[in-house]
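Reviewing the structure listed below.
Keep in mind that this is a model prediction, so the values were computed, not measured.
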Amino acid sequence: LGHTTPASTFYLGNVPNLYELWGRFKCRQLAHFCRILALLVFEPEDRQLLESPAVLKSLELLQLRRDRAARGDAAVDMNQAILLGDDELIKKLLKLLRVMNFAP
């Protein structure tokens, strides 16, 4: 059985052969997949903050992070570790950035 987390964040560790799967992606496929990855490596609250015009005060941000740590939902942290654990993915992402910077 795979690891389960709250419905708000999908755990990438549940995908069999994940490194092999995204290792076969072409640049365009990887670019599209990055949109999905962005949802899995940021806390839902952080995504809302990035999209919100409101600016949080430092104290509010610290309280939000404290509350998040108390919840014990580590899916985002584990997803980040999975991404960073694949050296080839990091190389492909850097290549993708170079391609996008020089594309018309």
Side-chain angles (χ1 to χ4, degrees):
L1 292 177
H3 184 276
T4 58
T5 60
S8 62
T9 304
F10 178 79
Y11 174 54
L12 286 171
N14 288 335
V15 178
N17 305 315
L18 182 62
Y19 288 177
E20 181 182 328
L21 174 69
W22 65 38
R24 293 190 308 255
F25 286 166
K26 304 290 184 215
C27 272
R28 185 175 302 273
Q29 292 170 313
L30 184 59
H32 289 296
F33 189 64
C34 283
R35 293 180 176 184
I36 296 167
L37 287 177
L39 299 174
L40 302 175
V41 297
F42 292 103
E43 294 286 349
E45 296 91 350
D46 291 344
R47 291 193 304 269
Q48 291 170 357
L49 290 175
L50 290 173
E51 296 168 358
S52 170
V55 177
L56 282 183
K57 296 179 182 175
S58 296
L59 181 60
E60 293 170 325
L61 186 56
L62 288 173
Q63 288 172 336
L64 180 66
R65 290 184 177 164
R66 182 198 64 208
D67 295 345
R68 179 183 310 146
R71 268 198 329 253
D73 177 17
V76 169
D77 293 333
M78 292 185 296
N79 285 344
Q80 291 171 356
I82 288 170
L83 290 175
L84 294 174
D86 185 358
D87 293 335
E88 292 303 312
L89 177 65
I90 302 301
K91 290 176 189 174
K92 286 183 82 165
L93 290 173
L94 291 172
K95 179 181 176 183
L96 180 61
L97 286 172
R98 281 194 297 274
V99 168
M100 291 179 69
N101 283 333
F102 294 109

Side-chain donor or acceptor of Tyr19 paired with backbone N/O of Leu89 under 3.5 Å:
no

Please check if the side chain of Asn79 supplies one atom and the backbone of Leu12 the other of a donor-acceptor pair under 3.5 Å.
yes

Looking at every heavy atom in both Arg24 and Gln29, which two are closest together, and how far apart are they?
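Where Arg24 meets Gln29 most closely, the heavy atoms are O-OE1, 4.1 Å.
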
Among the clusters formed by ILVMFWY side chains lying less than 4.5 Å apart, do Ile36 and Phe10 turn up in the same one?
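Per the 4.5 Å side-chain linkage, Ile36 and Phe10 are co-clustered.
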
Using the rule that two of Ile, Leu, Val, Met, Phe, Trp, Tyr join whenever any of their side-chain heavy atoms come within less than 4.5 Å, decide whether Leu83 and Leu21 are in one cluster.
yes

Straight-line distance of [X] [atom1] to [Y] [atom2], nearest 0.5 Å:
X: Cys34; Y: Leu40; atom1: SG; atom2: CG; answer: 11.0 Å
X: Leu93; Y: Lys95; atom1: CG; atom2: NZ; answer: 12.0 Å
X: Lys91; Y: Asp86; atom1: NZ; atom2: CG; answer: 9.5 Å

Can you list the residues that meet the side-chain contact (heavy atoms from CB on, under 4.5 Å) rule with Leu84, with sequence neighbours excluded?
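Residues passing side-chain contact (heavy atoms from CB on, under 4.5 Å) with Leu84: Ile90.
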
Are Glu88 and Lys92 within salt-bridge range, i.e. N to O under 4.0 Å?
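The answer is no: the pair does not qualify as a salt bridge.
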
Quick one: does Trp22's side chain get under 4.5 Å of Leu37's, heavy atoms only?
yes

